[in-house]
K.L.:
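Got a structure for you, written out below as structure tokens; questions coming shortly.
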Amino acid sequence: MDTPLSTIAVVGLGTMGAGIAEVLARAGREVVGIDVSEAAARRAADALAASTARSVARERLTEEERRDVLARFRTFTDLRAASDADLVIEVVPETYEIKQEVFRALDAVVRPDTILATGTNALSVTRLAAESARPERVLGLHFFNPAPAMKLVEVVSSVLTSPAAVATVTELAHALGKEPVAVGDRPGFVADGLLFGYLNQAAAMYEAKYASREDVDAAMRLGCGLPMGPLALLDLIGVDTARTVLDAMYAESRDKLHAPAPILRQLADAGLTGRKSGRGFYTYEAPGSPVVVRDALTPQEGGAETAPAREVRSVGVAGSGTMASGIAEVFAKAGYEVVLAARSQEKAEAAKGRIAGSLTRSVAKGRLSAQDAEAVLARISPAGSLEAFAEVDLAVEAVAEDLAVKQELFAALDKVCRPGAVLATTTSSLPVVACARATSRPQDVIGMHFFNPAPAMKLVEVVRTVLTADDTHATVRAVTARIRKHPVDCGDRAGFIVNALLFPYLNNAIKMVEQHYATLDDIDAAMKLGGGYPMGPFELLDVVGLDVSLAIEQVLHREFRDPGLAPAPLLEHLVAAGCLGRKTGRGFREHARR
């Protein structure tokens, strides 16, 4: 097949169809835009005119180039306008009935060598192809919204698709300046298959009143570096659209992760579909506006603490590793007197030396003055025993992620720390209440889950148990604000917010590789280019450590008893082989040893 795809028809001129038409017209293709609605066709033409006018104003296009782009885009309301197209891309509503009707009509109109592409992000390409008179020329071409800006295009083959058709469309994607990823036909493909399960879990977490919408979104933005929180993203996508996609994915996969959270149906049925309606998980200034306004669910300014905070002047940090030294640095920078205790004086001194190195780097980068760095270091007192915590107001442990070790440490803190001192654990996966029960004062125990590296990461998950006192909670929130971190409240269950949403997503990415559905590189590229993730899942797994990831997956599986959360066997095999990621030089990829 040697068609140059010079004339391309786009059927369906909603937001996505109009965006695809713009990409094609700007790239020099003759574009036939088709929509049953004359108003939709007019809006698409107006959108292209406005977009190219902005490009001229920004000197990215000349006026002559703009006229050429506009001349290449013609709109029609009749599918017969696609008769001379080399490629037809349908972007009509996400139902089999509508798409199959379009494909049947196109069969009667287009040339025998024309390629037919569906823009579906959840429906079976194979099923659509089987209904066509030319199944070998039917494939999926999944652009991401907004199409002019997003680089990813998933090229989806069915078992019926001709390799020549795939090669031709892949070449087109490259010519458009996109990054094509070749995938097989399964629900959601790569990016949406991973993304929508995560969004669905976030909706269910909020529906269960485990965390507020603001805290769920802040946790994933600040804890994972995502451009948007999941609930805000659902509002942007459209709650009704998300529910439709999940319904289609669940119908194919029967994976509980894809069974739409009931709140999605409730919001959609009520017409609260997100930004486009002016209200979804959040309330917006007007339909279509990105500006969030206060509503009945918006937290009060400054929080709504039910008890006064205790005074905290000095902080004890137990541990000598990277996390402990990072937390000690954070508290000392905020003006607290810090006791850094380790199992020996030598280990404590070494941890303080690590902090000195960090401060020196901050000075070299101009983030801190030499005088301030000196003052920070002077506020840190290394100690070889927990006895040095006798007068601290807040004790924070950052020792090994082992429940027996933590319980032994909390029993020691109970004896050493003065009455009224707050005792905090930085655990990322263990039950905080089990640490609390190791003491005679469980009301004083709370979780303060910092993220690594602590000096840079802004998030702290504040984890209350059923025994935590109100003033303990108020104290930790006040301290978190003083150290310039963002606190999010959550209950004492496995994974808290971030890990409970992040690690099932990572686990599902591993399963895709196990099943030979897509390569590591394609999955990483799909999530960075299509989902806006700062790192692909396999890059992140190698950074976190495969052993750490496996331990968290096991905790989540034990807690929620969901078969879908069982760690992927490939992850277990790599850990058993000692391939733990960057720290060992090999994980999912090879790394240079440091």
Side-chain angles (χ1 to χ4, degrees), residues 218 221-227 312-384 388 394 396-399 426 428 448-461 479-487 498 528 532-536 539-545 548 580-585 587 589-594:
R221 282 189 294 103
L222 300 175
C224 296
L226 299 180
V312 175
R313 299 175 306 278
S314 60
V315 177
V317 179
S320 58
T322 303
M323 184 57 82
S325 58
I327 292 170
E329 178 181 335
V330 166
F331 278 110
K333 280 180 175 175
Y336 289 103
E337 294 297 324
V338 179
V339 179
L340 179 55
R343 284 177 292 179
S344 68
Q345 188 67 34
E346 292 76 20
K347 285 184 176 292
E349 295 284 359
K352 183 173 180 179
R354 190 180 299 115
I355 296 169
S358 172
L359 294 171
T360 299
R361 289 190 293 274
S362 293
V363 171
K365 292 174 182 175
R367 296 172 182 167
L368 200 65
S369 71
Q371 185 177 2
D372 286 343
E374 208 173 294
V376 169
L377 205 58
R379 284 194 283 271
I380 300 172
S381 303
L394 167 64
V396 181
E397 71 76 16
V399 299
T426 62
S428 63
M448 280 186 84
H449 180 211
F450 287 80
F451 287 74
N452 198 25
M457 298 295 280
K458 294 295 183 185
L459 182 69
V460 174
E461 289 178 320
V479 166
T480 304
R482 182 174 163 186
I483 61 176
R484 296 186 165 185
K485 302 296 182 185
H486 185 104
V498 173
K528 288 191 291 185
Y533 283 65
M535 299 177 79
E539 290 177 273
L540 183 57
L541 282 159
D542 277 359
V543 169
V544 170
V548 173
L580 308 183
R582 285 190 182 179
K583 58 190 173 187
T584 60
R589 294 186 174 89
E590 298 280 349
H591 302 276
R593 288 184 179 273
R594 294 182 177 181

K.L.:
Got a sec: does the CZ of Arg482 have more than 12 other heavy atoms crowding it under 6.0 Å?
P.N.:
yes

K.L.:
Hey, does Pro534 have a side-chain heavy atom less than 4.5 Å from the side chain of Leu226?
P.N.:
yes

K.L.:
For residues Ile483 and Ala334, report the shortest heavy-atom separation together with the two atoms involved.
P.N.:
CG2-CB, 3.7 Å

K.L.:
Can you confirm whether Lys485 sits close enough to Leu459 that some side-chain heavy atom of one is under 4.5 Å from a side-chain heavy atom of the other?
P.N.:
no

K.L.:
Between Val479 and Leu394, is there a side-chain heavy-atom distance shorter than 4.5 Å?
P.N.:
yes

K.L.:
State, with a plain yes or no, whether a side-chain heavy atom of Val498 is found less than 4.5 Å away from one of Phe451.
P.N.:
yes

K.L.:
Return the CG to NZ distance between Asp542 and Lys583, rounded to the nearest 0.5 Å.
P.N.:
10.5 Å

K.L.:
Taking the side chain as every heavy atom from C-beta outward, state whether Pro227 and Arg221 have any pair of such atoms under 4.5 Å apart.
P.N.:
no

K.L.:
Salt bridge between Glu329 and Arg354, side-chain N to carboxylate O under 4.0 Å?
P.N.:
no

K.L.:
Does atom CD of Gln345 have more than 12 heavy-atom neighbours from other groups under 6.0 Å away?
P.N.:
yes

K.L.:
How long is the span from the CD atom in Glu346 to the OG atom in Ser320, to the nearest 0.5 Å?
P.N.:
11.5 Å

K.L.:
Report yes or no: is the cationic atom of Arg379 (NZ for Lys, CZ for Arg) closer than 6.0 Å to the six-membered ring centre of Phe331, at no more than 45° off its axis?
P.N.:
no

K.L.:
Quick one: closest heavy-atom pair of Val339 and Ala383, and the distance?
P.N.:
CG1-CB, 4.2 Å

K.L.:
Any side-chain heavy-atom pair from Met323 and Phe450 closer than 4.5 angstrom?
P.N.:
yes

K.L.:
Please walk me through it: do Val460 and His486 pass side-chain contact (heavy atoms from CB on, under 4.5 Å)?
P.N.:
CA-CA 6 Å; Val460 174; His486 185 104; over 6 Å; no

K.L.:
Counting distance only, does the side-chain N/O of Lys333 pair as donor-acceptor with the main-chain N or O of Val376 below 3.5 Å?
P.N.:
no

K.L.:
Measuring only between side-chain heavy atoms, which start at C-beta, is Thr480 closer than 4.5 Å to Met448?
P.N.:
yes

K.L.:
With a 4.5 Å cut-off on side-chain heavy atoms, are Val338 and Ser314 touching?
P.N.:
no

K.L.:
Can you tell me how far the NE2 atom of His591 sits from the CG atom of Leu580, to the nearest 0.5 Å?
P.N.:
11.0 Å

K.L.:
Determine the minimum heavy-atom distance between Leu340 and Ala351, stating which atoms define it.
P.N.:
CD2-CB, 3.6 Å

K.L.:
Salt bridge (charged side-chain N to carboxylate O under 4.0 Å, His left out) between Glu539 and Arg589: does it pass, once the steps are laid out?
P.N.:
CA-CA 8 Å; Glu539 290 177 273; Arg589 294 186 174 89; 5.7 Å; no

K.L.:
For the residue pair Leu359 and Ala373, what are the closest heavy atoms and their distance?
P.N.:
CD1-O, 3.7 Å

K.L.:
What heavy-atom pair brings Ile380 and Ala332 nearest, and what distance separates the two atoms?
P.N.:
CG1-CB, 3.6 Å

K.L.:
Between Met535 and Lys528, what is the shortest heavy-atom contact and its length?
P.N.:
C-CG, 3.8 Å

K.L.:
Quick check against the 3.5 Å criterion: does Thr426 have a side-chain atom that pairs as donor or acceptor with the backbone of Glu397?
P.N.:
yes

